[in-house]
Amino acid sequence: MATTAEKIIGTQPDDRGHFGVYGGLFVAETLMEPLKDLRLAYEKYMQDPEFLKELDEDLANYVGRPSPIYFAQRWSRELGGARIYLKREDLNHTGAHKVNNTIGQALLAKRMGKTRIIAETGAGQHGVATATVAARLGLECVVYMGAVDIVRQEANVYRMRLLGAEVRSVESGSKTLKDALNEAMRDWVTNIDNTFYIIGTVAGPHPYPAMVRDFQTVIGREAREQIRQQAGRLPDALVACVGGGSNAIGLFYPFLDDTGVGIYGVEAAGDGLETGHHAAPLCAGQPGVLHGNRTYLMEDKDGQIIETHSISAGLDYPGVGPEHAWLKDTGRAQYVAITDEEALGAFHALTKIEGIIPALESSHALAYAAKLAPTMESDKIILVNLSGRGDKDMHTVAAREGIEI
Amino acid sequence: MSRISQRFSDLREQGKTALIPFITAGDPTPGITVGLMHDMVSAGANLIELGVPFSDPMADGPVIQRASERALEHHVSLHDVLQIVKTFRERDQNTPVILMGYLNPIEVMGYATFAGSASVAGVDGVLIVDIPPEEGEDLLQSLRDKAIDQIYLLAPTSTPDRIGRICNAASGFVYYVSVKGVTGSSQLDTTAVAEKLEQIREKTALPVGVGFGIKDAATAAAVSRLADAVVVGSALVSRVEALQETPDEIGPALAEILSGMRRAMDAVH
């Protein structure tokens, strides 16, 4: 498709981590030098052929990349309309896209001489992915997890402990992902000399949003090649769920200059945007500063961060990566929201019709694709990021439906 | 001369180190704070740091986190904190008041509106934990327009370069965070603090305060040999927490701690 639009890829962030007015570096003084050290290491090693070779080999042999794309033929036919392809990040080692990033950051930690890894986790997927790479590299690992999330994701808590990580329950604030992030930051500021903080999403202070994006863009780079080979052309629409937004930016980024490709990020509408019980800062929040960056937030009129709600722990976060805030304002991506009910509907549909049990997070993206597909012609293509598998959600889904397992 | 600079200059003439207590506004209830501020001044406080409650206090340890949570149960907002300062000023026009907190409540109010209201209320300085000078140009300008000092933190990890840059943006005084960690954390090492203060004084003539780790009269006295101001927070706030069911006892309890520190500090000089 001919286009005169300006290129986006490679333009963001600026050298101080700004995506337009978003992003940046809003942290206490103690973290400024450690963040600079991290930025310098990241810039150095992303140019280092040996580092990149080791990363590629790990992604191939340990994670199992490339992950396939799969044409969901029966489901597409049932919905009537566009053809839906799934990028199968659920087939990665540890069951989600999170490991793409933890492998990268852990290799960086090793090169920086750090012996201790910390992480925050919501659904537990990032915690598991971090504990996994820490085990493999022989690094001490502490994972902070909200007390509420520990209850609803107990299988993942056990997995982390099996992998040798210490899971610390966070009892402050709303006892969910944002509080786990606060606590991990407090640990980092106290143990800077030997500790590397592996943030799991494209939020936090610079360089995290750019660095995590760069480690996750392997999703979009592969998918762009694969869809061309399988379908003979680029897709008409990309769909991915957005909590912090790492799987979404990983898929979207390599397509940003393909102006014919529509981009849809799907937030968690929880009980419905109108109820206020949701986790959709881009759809229903306003800009502010939290966790080291300026971005859209769920906040009250006094600037206090408010509690979020989503059936999926991985989307239960009051902020969002600054690059998504920027993509929203520029209009390059659209952000929409899907309720708990709608996500559950898609969860069951994909399970029954395609034999694939998706994570509740990814089910939000699937539910939006199911709305979009019937509005499009049957020669159109939607590519959905199936960011994780649903094994971890058995208890949540069963409990919701009054079943004991 | 700003009220903060005036106070430091007077203390220097008297050969005294400033004692700066921190409490969170509205902890444990909004009605108690103004009285506590007066009590602390009577007990020997020279400046007051008033914490603005925030839902996500990333740089604070558990003691001050819980103080924020108690205040937020009463929905204490930035507006309310400014009202507290205004009421304090009715009886005390001399003791400088510094607001300490996080950026987002100010961001939501708007920088210029905040600076205007803070100036009218009688706020002398602002210390925002999560805005380094690199991100703070607009806010700094708004505060300068209203002659409000911006107090910056310096840390053990700050390089000489950064110290220079931060001191250039700062006014009133600078605040050295004596430990790597959150508020109320481990014991401070006075030898390491002394070395760092020497580096800082090479870069600035501003008074230097030291905080994060002042637990009792002995540490206050030790630090007062080195610094121009001693900041004490968690040691006071943990008393507030312990006495929250008997709020009448909070004022006398804080006064006792502070007068003990005051005596120990004055005995050093």
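All chains are named by letter (A, B, ...) in the order of the sequence lines, taking the proteins before the strands, and each is independently numbered beginning at 1. Predicted model, so just to flag it, every value in this text is computed and none were measured.
- Considering only heavy-atom pairs separated by less than 4.5 Å from chain B, the leading option among A:L31, A:L181, A:N182 is A:N182.
- Interface residue A:L290: only side-chain heavy atoms are found under 4.5 Å from chain B.
- Judged purely by atom type and a 3.5 angstrom limit, A:S246 has no side-chain atom pairing as donor or acceptor with the backbone of A:T201.
- Between B:R70 and B:E241, at least one side-chain N (NZ, or NE/NH1/NH2) sits under 4.0 Å from a carboxylate O, which counts as a salt bridge.
- Ranked by heavy-atom pairs under 4.5 Å with chain A, the list B:V129, B:T157, B:D56 is led by B:D56.
- Proximity to chain A is absent for every atom of B:I106, based on heavy atoms less than 4.5 angstrom apart.
- Neither the backbone nor the side chain of A:E171 comes within contact range of chain B, judged by heavy atoms closer than 4.5 Å.
- One N or O on the side chain of B:H74 and one on the backbone of B:P28 form a donor-acceptor pair closer than 3.5 Å.
- Chain A forms the most heavy-atom pairs under 4.5 Å with one residue out of B:N104, B:V108, B:L103, and that residue is B:N104.
- Side-chain contact between B:Q199 and B:P160 is present, with at least one heavy-atom pair separated by less than 4.5 Å.
- In this structure, the portion of A:L297 lying under 4.5 Å from any heavy atom of chain B is its side chain and not its backbone.
- Within 6.0 Å of CD in B:E198 there are 12 or fewer heavy atoms belonging to other residues, nucleotides or ligands.
- When each of B:E107, B:H79, B:M109, B:E135 is scored by its heavy-atom pairs under 4.5 Å with chain A, the top score falls to B:E135.
- Neither the backbone nor the side chain of A:N191 has a heavy atom closer than 4.5 Å to any heavy atom of chain B.
- A:Y208 and A:Y197 have tilted rings, their planes meeting at an angle from 30° to 60° on a 0 to 90° scale.
- Interface remark: A:H291 contributes backbone and side-chain atoms alike to the contact with chain B (heavy atom separation under 4.5 Å).
- Ring geometry for B:Y102 against B:F54 counts as parallel: the plane angle stays under 30°, on a 0 to 90° scale with 60° as the upper cut.
- Within the 4.5 angstrom heavy-atom criterion, atoms from both the backbone and the side chain of B:P57 approach chain A.
- Nearest heavy atom pair, residue B:P21 against residue B:L236, reads CB-CD1, 3.4 Å.
- Contact count against chain B (heavy-atom pairs under 4.5 Å) is highest for A:D193 among A:D193, A:I192, A:D300.
- For A:S310 (side chain) and A:G270 (main-chain N/O), no donor-acceptor pair under 3.5 Å exists by modelled atom type.
- Contact tally against chain A (heavy-atom pairs below 4.5 Å) for B:L154, B:I131, B:L78, B:T159: the top residue is B:T159.
- In this structure, the portions of B:E134 lying under 4.5 Å from any heavy atom of chain A include both its backbone and its side chain.
- A donor-acceptor pair under 3.5 Å is formed between the side chain of A:D179 and the backbone N or O of A:S174.
- A salt bridge is absent between B:K196 and B:D189; no separation between the charged side-chain nitrogens and carboxylate oxygens falls under 4.0 Å.
- Heavy-atom pairs under 4.5 Å with chain A peak, among B:A155, B:P53, B:P133, at B:A155.
- Contact count against chain B (heavy-atom pairs under 4.5 Å) is highest for A:R294 among A:Q286, A:K301, A:R294.
- Contact tally against chain A (heavy-atom pairs below 4.5 Å) for B:E69, B:H75, B:R66, B:Q65: the top residue is B:Q65.
- At a 4.5 Å heavy-atom cutoff, the contact between B:L72 and chain A is made by side-chain atoms alone.
- Looking only at distances, no side-chain donor or acceptor of B:D27 sits under 3.5 Å from a matching main-chain atom of B:A71.
- Only the side chain of A:E183 has a heavy atom closer than 4.5 Å to any heavy atom of chain B.
- B:L153 touches chain A through backbone and side chain together, each having a heavy atom under 4.5 Å away.
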